[in-house]
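Keep in mind that the numbers below use all heavy atoms, side chains included, and drop hydrogens, waters and symmetry copies.
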Amino acid sequence: MYQFKLNTNNGHRTKLNQVVHTIIMDIEKGVLKKDQQLPSVTGFSKAHSVSRDTIEKAYKELKKQGYITSVASKGYYVLGKKGTKLKVLLVFNKLSSYKKIIYDNLVAELSKKVKVDLHIHHYSIPLFKEIMDESLGKYQYYVIMPHFVSDAKRSDYMKIIRKIPPDELMLLDKNLPELGNRHMSVFQDFKQDVYDSLVSATDLLKKYDRLTTILPQYHNHPAEILDGVAQYGKDHKMKTAVCVNADKVVLTPGTAFVVTSETDLAKLIKKIRKTTLKIGKDIGIVSYNETALKDLLDITTVTTDFAGMGKSAAKLILEKQHVQVKNPFRMIRRTSL
């Protein structure tokens with residue numbers, strides 16, 4: 001029997017439009033199958049506290065649009081999907097080589113079954129709100145990267161995200177536990193991932209007595225990265241510090257650096273090369289996120305599986321699995337540590 005779930009978050013729509021939209025989404029997503037009978041007008045009205053007049057108008061509109069039909073003395077039945085493709089809205093925080101890997105693998109896995117539209121919110125809550133206000137109700141799934149500026153109010157962007165029906169929402173890269181478990185997500189656990197990666201390299205880190213994270217003052221990196229480094233230092237009796245710019249670094253033998261930005265990585269390497277200090281012996285370097293250039297330069301990295309993230313997201317959408325999946329994270333050991 002059809003379990004209708006009215007999305008009460010869509011306050012900008014009339015009750016009639018909410019009913020029509022919800023049934024259309026359920027047909028497009030395959031929740032309602034071809035030839036399946038819908039509840040009677042009276043039964044629908046009583047079960048969901050919606051007026052008979054609203055349900056009658058909703059069924060008429062759905063019939064007009066070609067989603068359902070009526071059979072005399074029997075009731076209303078689903079005709080089937082109107083279109084052949086699901087529509088997915090993908091909202092990234094920025095464009096980067098990492099995001100391109102996620103996008104390419106997501107789209108490749110979805111193949112020709114799904115139409116994907118891409119928007120960028122550039123860490124801006126007002127822009128994110130504008131994108132969502134214009135998009136709600138037009139897609140079957142909303143795939144969101146909820147990364148915003150470091151001083152953004154969590155309540156501000158949570159208010160926007162809560163407007164998305166949970167069964168239409170997927171979070172990428174970062175999960176938001178307060179949303180419960182009805183949505184989809186493929187996420188990193190930034191604190192635990194960094195901590196576990198450093199633990200896996202304790203044999204290399206033993207040659208250093210200080211661990212300094214270079215994190216720009218006005219950054220958009222998850223603050224949990226610092227928490228993971230600090231926890232490692234505490235558990236392994238290793239001094240930790242934070243520097244906001246590689247230009248301000250004082251190079252002291254016995255220091256290992258965790259570098260979050262590629263700009264600071266380049267500055268640090270250039271600075272070390274002007275001294276007699278040796279990378280991987282006197283100074284250690286761990287860079288955040290893997291790239292081909294870091295492989296070429298033999299730089300140790302801690303990184304998530306960006307290709308895997310895109311593939312996992314596509315699989316959840318195609319298989320309609322409303323679960324939260326932690327994305328693999330690892331350290332790639334090279335001579336810089």
- Message: Looking at K267, I'd like to know if its NZ atom is crowded, meaning that more than 12 non-hydrogen atoms belonging to other residues, nucleotides or ligands lie closer than 6.0 Å.
- Response: yes
- Smallest heavy-atom separation, K63 atom then T69 atom, equals CG-CA, 4.5 Å
- Carboxylate-amine/guanidinium contact K326 D193, below 4.0 Å: yes
- Message: Before you tell me yes or no, could you show the steps for N175 and Q324 under side-chain hydrogen bond (donor to acceptor under 3.5 Å, both in side chains), namely the whole-Å CA-CA distance, both residues' side-chain angles and the distance that decides it to 0.1 Å?
- Response: CA-CA 8 Å; N175 197 28; Q324 291 74 53; 5.5 Å; no
- Message: Surrounding NZ of K60 (heavy atoms of other residues, nucleotides or ligands, distance under 6.0 Å), is the total greater than 12?
- Response: no
- Can Y67 and E28 be said to form a side-chain hydrogen bond (donor to acceptor under 3.5 Å, both in side chains), step by step? CA-CA 9 Å; Y67 284 101; E28 293 290 354; 3.2 Å; yes
- Task: Please answer whether the main-chain N or O of I102 pairs with a side-chain N or O of K311 as donor and acceptor at a distance below 3.5 Å.
- Result: no
- Item | Full working for ring-ring contact (aromatic ring centres under 6.0 Å, His included) between F329 and F190 | CA-CA 9 Å; F329 193 93; F190 296 96; 8.0 Å; no
- Note on the structure: Tightest non-hydrogen contact, residues Y59 and P39, listed as OH-O, 2.7 Å
- Give a yes or no on whether Y76 and I27 share a hydrophobic cluster (residues Ile, Leu, Val, Met, Phe, Trp, Tyr; joining criterion: side-chain heavy atoms under 4.5 Å apart). yes
- Query: Any chance the side chains of D227 and Y195 put a donor and an acceptor closer than 3.5 Å?
  - Reply: no
- Task: Please report the C-alpha distance between R154 and E178 in whole Å, then the side-chain angles of each, then the deciding distance to 0.1 Å, and finally whether the side chain to side chain contact (heavy atoms under 4.5 Å, CB included) criterion is met.
- Result: CA-CA 11 Å; R154 194 178 183 92; E178 58 264 54; 2.7 Å; yes
- Face-on cation placement of K174 at F187 ring, 6.0 Å and 45° thresholds: no
- Query: Nearest heavy-atom pair of Q37 and G75: which atoms, and what distance?
  - Reply: NE2-CA, 4.2 Å
- Message: If you apply the rule side chain to side chain contact (heavy atoms under 4.5 Å, CB included), what do you find for D117 with Y139, and how did you get there?
- Response: CA-CA 9 Å; D117 291 337; Y139 296 86; 2.6 Å; yes
- Linking I/L/V/M/F/W/Y whenever any side-chain heavy atoms sit under 4.5 Å apart, do I285 and L337 land together? no
- Message: Assigning hydrophobic clusters by single linkage (Ile, Leu, Val, Met, Phe, Trp, Tyr; side-chain heavy-atom cutoff under 4.5 Å), is V242 placed with L198?
- Response: no
- Message: Atom NZ of residue position K129 - does it have more than 12 heavy atoms of other residues, nucleotides or ligands inside 6.0 Å?
- Response: no
Which side-chain N or O atoms in residues 299-307 pair as donor and acceptor under 3.5 Å with protein atoms at least two apart or in another chain?
unit_1: T300; atom_1: OG1; unit_2: R334; atom_2: N; d: 3.0
unit_1: T300; atom_1: OG1; unit_2: R334; atom_2: O; d: 2.9
unit_1: T300; atom_1: OG1; unit_2: S336; atom_2: OG; d: 3.3
unit_1: T301; atom_1: OG1; unit_2: E290; atom_2: OE1; d: 2.9
unit_1: T303; atom_1: OG1; unit_2: E290; atom_2: N; d: 3.1
unit_1: T304; atom_1: OG1; unit_2: N327; atom_2: ND2; d: 2.9
unit_1: T304; atom_1: OG1; unit_2: P328; atom_2: O; d: 2.9
unit_1: D305; atom_1: OD1; unit_2: A307; atom_2: N; d: 3.4
unit_1: D305; atom_1: OD1; unit_2: G308; atom_2: N; d: 2.9

- Message: Under 3.5 Å, is there a donor on one side chain and an acceptor on the other for R210 and T240?
- Response: no
- Message: Pair Y232, T202 - check side-chain hydrogen bond (donor to acceptor under 3.5 Å, both in side chains), show working.
- Response: CA-CA 10 Å; Y232 178 84; T202 297; 3.1 Å; yes
- Message: Between D189 and K191 (salt bridge meaning N to carboxylate O under 4.0 Å), is one present in this structure?
- Response: no
- Message: Is the distance between the ring centroids of F128 and F148 under 6.0 Å?
- Response: yes
- Determine, step by step, whether V143 and L89 satisfy the side chain to side chain contact (heavy atoms under 4.5 Å, CB included) criterion, reporting the C-alpha distance in whole Å, the side-chain angles of both residues, the deciding distance to 0.1 Å, and the verdict. CA-CA 6 Å; V143 182; L89 178 67; over 6 Å; no
- Distance-only donor-acceptor check, side chains Y77 and D35, under 3.5 Å: no
- Task: Mark yes when over 12 heavy atoms from residues, nucleotides or ligands other than K315 sit less than 6.0 Å from its NZ; otherwise mark no.
- Result: no
- Message: Under 6.0 Å from the ring centre and within 45 degrees of the ring axis: does the NZ or CZ of K239 meet both conditions for the six-membered ring of Y208?
- Response: no
- Item | Closest non-hydrogen atom pair, I164 against L136 | CG1-CD2, 3.9 Å
- Run the salt-bridge test on D203 and R333 with the 4.0 Å N-O cut-off and return the result as yes or no. yes
- Rounded to the nearest 0.5 Å, what separation is found between the NZ atom of K94 and the OG atom of S124? 15.5 Å
- For the hydrophobic clusters of this structure (ILVMFWY residues joined by side-chain heavy atoms under 4.5 Å, transitively), does one cluster hold both L296 and Y288? no
- Message: I need the minimum non-hydrogen distance between I68 and L79, along with the two atoms involved.
- Response: O-CD1, 3.6 Å
- Note: D282 and T276 closest approach over all heavy atoms is OD2-O, 4.3 Å
- Task: Mind running side-chain hydrogen bond (donor to acceptor under 3.5 Å, both in side chains) on D235 and Q231 for me, showing each step along the way?
- Result: CA-CA 6 Å; D235 291 350; Q231 188 64 51; 3.0 Å; yes
- Note on the structure: Rounded to the nearest 0.5 Å, the CD1 atom of I55 sits from the CG atom of D53 at a distance of 9.5 Å
- Query: With distance as the sole criterion, is a donor-acceptor pair present between the side chains of H183 and D167 under 3.5 Å?
  - Reply: no
- Message: Would a single hydrophobic cluster contain both Y103 and L172, if residues Ile, Leu, Val, Met, Phe, Trp and Tyr are joined by side-chain heavy-atom contacts under 4.5 Å?
- Response: yes
- Between T54 and S51: side-chain donor-acceptor atoms closer than 3.5 Å: yes
